[in-house]
Amino acid sequence: MKKIFFIVFVCAFSKIGFSQISPFIPYYYTQVFKNDIQLKFPWLGGLNSPQFEPVDLNNDGIEDLVIFEKEGERLLTFENSGSGIGYSYAPKYEKNIPKINGWFLFKKITCDAISDFITDNKVGSSIVYKGFYNANNELSFTIFQDGLYYQGSGGTSINVYTSVIDRPAIIDMNGDGDIDLLAFSTTATRILYYENQKVELGISCDTIVFKLVDRCWGNVSESGLEVPLTLRDSCTDKPPQRDLFRHSGSCMEAYDIDGNGRKDLLMGDVVLQNVNFLKNEGTLSYASILEQDIAFPSYDVPVSINSFACPVIMDIDNDSKKDMIVTPFERNGGENYQNVFFYKNINNTSALNLRLQQKDFLVGDMIEVGSGAVPRFFDYNGDGLLDILISNENRKIGNNDGEFFISLFENIGKIDYPYFKLVNEDYLGLVANNLNGPSSIPYFGDLDGDGDLDCIVGREDGRLLFFRNKTNGLLADFEFINILKNNLNTEIDIGQNAFPNLVDIDRNGTLDLIIGERNGNLNYYKNIGTQNAPNFEFVTDSLGKIKVGFSSFSPGFTAPEIRDFNNDNKWDLMLGNINGDVLFYNNIEDSLTAKWTAQRDTLLVTKKTSRSTFTAADITGDGKLEIIKGNFSGGLELFSQNPPPFQPVGIKQNTLDLLAFNIFPNPSKQEIYITLNNTRNTMPYNVNVFDVNGRSVKTMLWTIGETINIADLESGIYFIQVSNTNESGIRKLVKIGD
């Protein structure tokens, strides 16, 4: 059975080329368990530096959720059920969100009560998009204004200064019903208050004009990189002398925290792990900050996120009270695991009384290993089901040192429907044996010819660890032997970030070594030994003349995955890199000394990420490949050419008999009929309709002979479950439009 491991990756593709192969599509419902708890969003790719913003995406009057992951510039959109913490992943809205630079906000600026969109434009100002709902009631945007302008001296229009590292506060500060703005000055020491002149000038509600009314809002200032802020600043030298090097970024959120009718300010800063609460004791027209809490909320558990905390006030749990989310604002700034703090508001008044609920809100429901996730398929226990190993570059929790490990997710499903459970966070014993380090990347192959799979582990220092599998049974049992050496008896060392593949690239019956690395090239070591005794001879460090990245300051991080993707009995290459690209090279074995040409097409279309890595195998037994993509945010995405039908949680463990039935017509527009394959009585059955994300979208009682109306469902793919107390079955349904 173990010999089969090398051939399960060969699948029934078209033999013409990549563009003729069935594309890989993402799916999210394959279940994953951690500590016997099912993860809600296992395949959403993890989060390192996420920004959260509430907005009504579907025009139902309920605020949904948009998350922008700075690491890799990845966007995630969630629908809100309106009850409890009721978020479900809804990727269909992502295409409508404009490109985000640094930060973004949804604010109702114009007069139609629909949220508009603001983001930094990378050149010291902002860009504004007007929101509208399209024919499908999806929030969409069109360019509205290329900046936020205020009236300077002589009536000139000047763009409000913002930057990618300074998120302004945009809210009605003076209570007149229009949106005002707080932003740091170009000197980056004082907060400027720009008042919206819509009401004061009686201008059109679709016109945005600000006036700079206070160059030292709240009479506070920053002094270099020191905390706390200076209070009761006289501000006599307004504006201060320009000094662009005294401030490196802030994230501001204005809200009436204490319920006194004046907007206070919550601020995270690049030098802070905490959130600073600036209490406003002034008036609606004049802010006066006389008190600050640099460890907010000091009455509960203070925010403590390693590097650059960024607060957002929003109603998380649909109780009509504003809560608080805090995340790292700096891209890959440190904290990358417990990095989404959720504080619940327990007050029944307008003031906030916050209590920490969890430090891993939403991200705790994803596969998450910190940063630098690299997946590998491997059947560790010989049960014929491929399990998943995930190595990482770093898992940072608080101020602790980084953690480096290989996680094992065991496949506890069936041959046609896998699902996974975390069973080990130190597979191969790297931590226990003091062999762990950043980016310890495993690959498996039978190097000693004894019929089981051995393991090599690429290291950040460019070397390779060799582990021999000494099992006498099905469960792999690895023993560390040595640092892998070449035919000259010197340690193989490719420089930095060794990313190994074992493959018989020259088809001579022995496994060769193909190694990606930080510099963005591919190394080729030919095995001149035997199946029982490998002997690796260096051939080239520029296999295929591949080069991504340009220098040590712009590395490439080549991550090869070599398979016969198009079933023509030739090796192909899927290459990940620092930019998160998916690069394909066809039939590479025919031109080992030539320059390879990358193909970019629609075979695998993924979200934008950074540091893409891949592993491919047929894990559903249908002769089609599945691909898992890893990224630098520490998470995974799952793709298939033929996603298996969704099965509800726990269906493997239940004792119900299989209920065989058919659906017709299928596809269908308006209604469907269900026929049972065996004679049954007319007792009511439970019918549950799931979408492709595993969400229940329709339930009913059904009796034999009744039709089921599906006109209310959107066009797409669904799974129909029919069940009673004794039996259950599932079939796929395609709903088409009129």
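Quick note: residue numbers are just sequence positions, from 1.
The CG atom of Leu44 lies 8.5 Å from the CD1 atom of Ile67; values are rounded to the nearest 0.5 Å. Remark: Asn339 CG to Lys359 NZ distance equals 11.5 Å, nearest 0.5 Å. A distance of 7.0 Å separates CD1 of Ile208 from OG1 of Thr110, quoted to the nearest 0.5 Å. Summarising the geometry, atom OG belonging to Ser115 is positioned 9.5 Å from atom CD belonging to Glu53; distances are rounded to the nearest 0.5 Å. To the nearest 0.5 angstrom, Met314 atom CE is 5.0 Å from Leu65 atom CG. One distance of note links CD of Glu561 with CD1 of Ile628; it measures 10.5 Å at 0.5 Å rounding.
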Practice task
Test Asp323 against Tyr343 for side chain to side chain contact (heavy atoms under 4.5 Å, CB included), laying out the working first.
Solution key: CA-CA 6 Å; Asp323 310 299; Tyr343 287 84; 5.9 Å; no

Practice task
Under the ring pair (Phe, Tyr, Trp, His ring centres under 6.0 Å) rule, what do Tyr194 and Tyr150 come out as? Steps first, then yes or no, please.
Solution key: CA-CA 8 Å; Tyr194 299 88; Tyr150 70 97; 5.1 Å; yes

Practice task
With side chain to side chain contact (heavy atoms under 4.5 Å, CB included) as the test, would you mind laying out the steps for Met324 and Val303 before giving the verdict?
Solution key: CA-CA 11 Å; Met324 183 172 72; Val303 173; 4.1 Å; yes

Practice task
Show your reasoning for whether salt bridge (Lys or Arg N to Asp or Glu O under 4.0 Å) applies to Asp319 and Lys344.
Solution key: CA-CA 10 Å; Asp319 63 356; Lys344 179 178 174 59; 3.1 Å; yes

Practice task
Would you please test Gln31 and Phe646 for side chain to side chain contact (heavy atoms under 4.5 Å, CB included) and show each step?
Solution key: CA-CA 10 Å; Gln31 295 124 15; Phe646 168 74; 3.8 Å; yes

Exercise for the section: Walk me through it: do Phe78 and Phe41 pass the test ring pair (Phe, Tyr, Trp, His ring centres under 6.0 Å)? Expected result: CA-CA 11 Å; Phe78 297 80; Phe41 311 110; 5.4 Å; yes

Practice task
Could you check Thr162 against Asp120 for side-chain hydrogen bond (donor to acceptor under 3.5 Å, both in side chains), going step by step and ending with a plain yes or no?
Solution key: CA-CA 7 Å; Thr162 60; Asp120 183 78; 3.2 Å; yes

Exercise for the section: Go through the steps to decide whether Lys211 and Glu200 satisfy the test salt bridge (Lys or Arg N to Asp or Glu O under 4.0 Å), and finish with yes or no. Expected result: CA-CA 10 Å; Lys211 179 181 179 181; Glu200 286 76 6; over 6 Å; no

Practice task
List the steps, then state whether side-chain hydrogen bond (donor to acceptor under 3.5 Å, both in side chains) holds for Thr609 with Asn631.
Solution key: CA-CA 6 Å; Thr609 61; Asn631 61 47; 5.2 Å; no

Practice task
Let me see the working for Thr207 and Val209 under side chain to side chain contact (heavy atoms under 4.5 Å, CB included), right down to the final yes or no.
Solution key: CA-CA 6 Å; Thr207 302; Val209 177; 3.8 Å; yes

Exercise for the section: Starting from the C-alpha separation in whole Å, work towards a yes-or-no answer on salt bridge (Lys or Arg N to Asp or Glu O under 4.0 Å) for Lys95 and Glu138. Expected result: CA-CA 10 Å; Lys95 64 183 183 300; Glu138 298 173 358; 3.2 Å; yes

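The shortest side-chain heavy-atom distance between Tyr93 and Glu79 falls under the 4.5 Å cut-off. Considering only heavy atoms from C-beta on, Ile627 comes within 4.5 Å of Met574 through its side chain. Side-chain contact between Leu182 and Met267 is absent, with no heavy atoms from C-beta onward closer than 4.5 Å. Within the 4.5 Å cutoff, the side chain of Lys40 has no heavy atoms near those of the Tyr87 side chain. With contacts defined as side-chain heavy-atom distances shorter than 4.5 Å, the pair Leu352/Ile313 qualifies. With a 4.5 Å cut-off on side-chain heavy atoms, Leu266 and Tyr255 do not count as touching. Residues Thr620 and Pro418 meet the side-chain proximity criterion, which asks for heavy atoms closer than 4.5 Å. In this structure the side chain of Leu76 never reaches within 4.5 angstrom of the side chain of Leu362, judged on heavy atoms.
The 12-atom threshold is exceeded at NZ of Lys198, counting heavy atoms of other residues, nucleotides or ligands nearer than 6.0 Å. Counting non-hydrogen atoms of neighbouring residues, nucleotides and ligands closer than 6.0 angstrom, the NZ atom of Lys107 exceeds 12 such neighbours.
Listed by chain and number, the residues in a side-chain contact (heavy atoms from CB on, under 4.5 Å) with Ile672 are Ile663, Ser668, Ile708, Ile710, Leu733 (sequence neighbours excluded).
A donor-acceptor pair is defined here as one N or O able to donate and one able to accept, closer than 3.5 Å; such a pair exists between the side chain of Thr77 and the backbone of Ala90. With hydrogens and angles ignored, the 3.5 Å screen pairs no side-chain donor or acceptor of Asn101 with any backbone N or O of Asn121. A donor-acceptor pair is defined here as one N or O able to donate and one able to accept, closer than 3.5 Å; no such pair exists between the side chain of Asn174 and the backbone of Leu284. Side chain of Ser83 to main chain of Asn318: no donor-acceptor pair is present (N/O by atom type, distance under 3.5 Å, no hydrogens or angles). Between the side chain of Arg731 and the backbone N or O of Phe661 there is at least one donor-acceptor pair closer than 3.5 Å.
In summary, Lys99 and Glu73 engage in a salt bridge, as defined by a charged side-chain N under 4.0 Å from a carboxylate O. In summary, Asp112 and Lys130 engage in a salt bridge, as defined by a charged side-chain N under 4.0 Å from a carboxylate O. Between Lys92 and Glu714 there is a salt bridge, since at least one side-chain N of the basic residue sits less than 4.0 Å from a carboxylate O of the acidic one. Between Glu330 and Lys70 no salt bridge is recorded (no basic side-chain N to carboxylate O distance below 4.0 Å). Look at Asp712 and Lys698 and you find a salt bridge, because one of the NZ, NE, NH1 or NH2 atoms lies within 4.0 Å of a carboxylate O, short of that distance.
Between Phe342 and Phe361, the ring planes are tilted. Angles from 30° to 60° get that label. Using cut-offs of 30° and 60° for the angle between ring planes, the Phe104 and Phe68 rings count as perpendicular. In this pair, Phe565 and Phe584 present their aromatic rings perpendicular. The plane angle is above 60°, beyond the 30 to 60° band.
Scanning all heavy atoms of the two residues, the minimum distance from Ser612 to Ala559 falls at O-CB, 3.6 Å. When every heavy atom of Ser320 is checked against every heavy atom of Asp315, the shortest pair comes out as N-OD2, 2.9 Å. Taking both residues in full, the closest heavy atoms of Leu625 and Phe24 are given as O-CE2, 3.3 Å, listed atom of the first, atom of the second, then distance. Closest of all the heavy-atom pairs between Val312 and Pro54 is CG1-CD, 4.5 Å.
For Phe117 and Phe106, the gap between ring centers is short of 6.0 Å. A centroid separation of less than 6.0 Å is found between the aromatic rings of Phe329 and Phe308. Remark: aromatic rings of Tyr129 and Phe141 are distant, center separation not under 6.0 Å.
Each of Tyr89, Phe639, Trp43 was checked for a ring pair (Phe, Tyr, Trp, His ring centres under 6.0 Å) with Tyr28, and the lone residue meeting it is Tyr89. For the side chain to side chain donor-acceptor pair (under 3.5 Å) test with Ser633, the passing option among Glu71, Arg611, Glu368, Glu69 is Glu69; the others fail.
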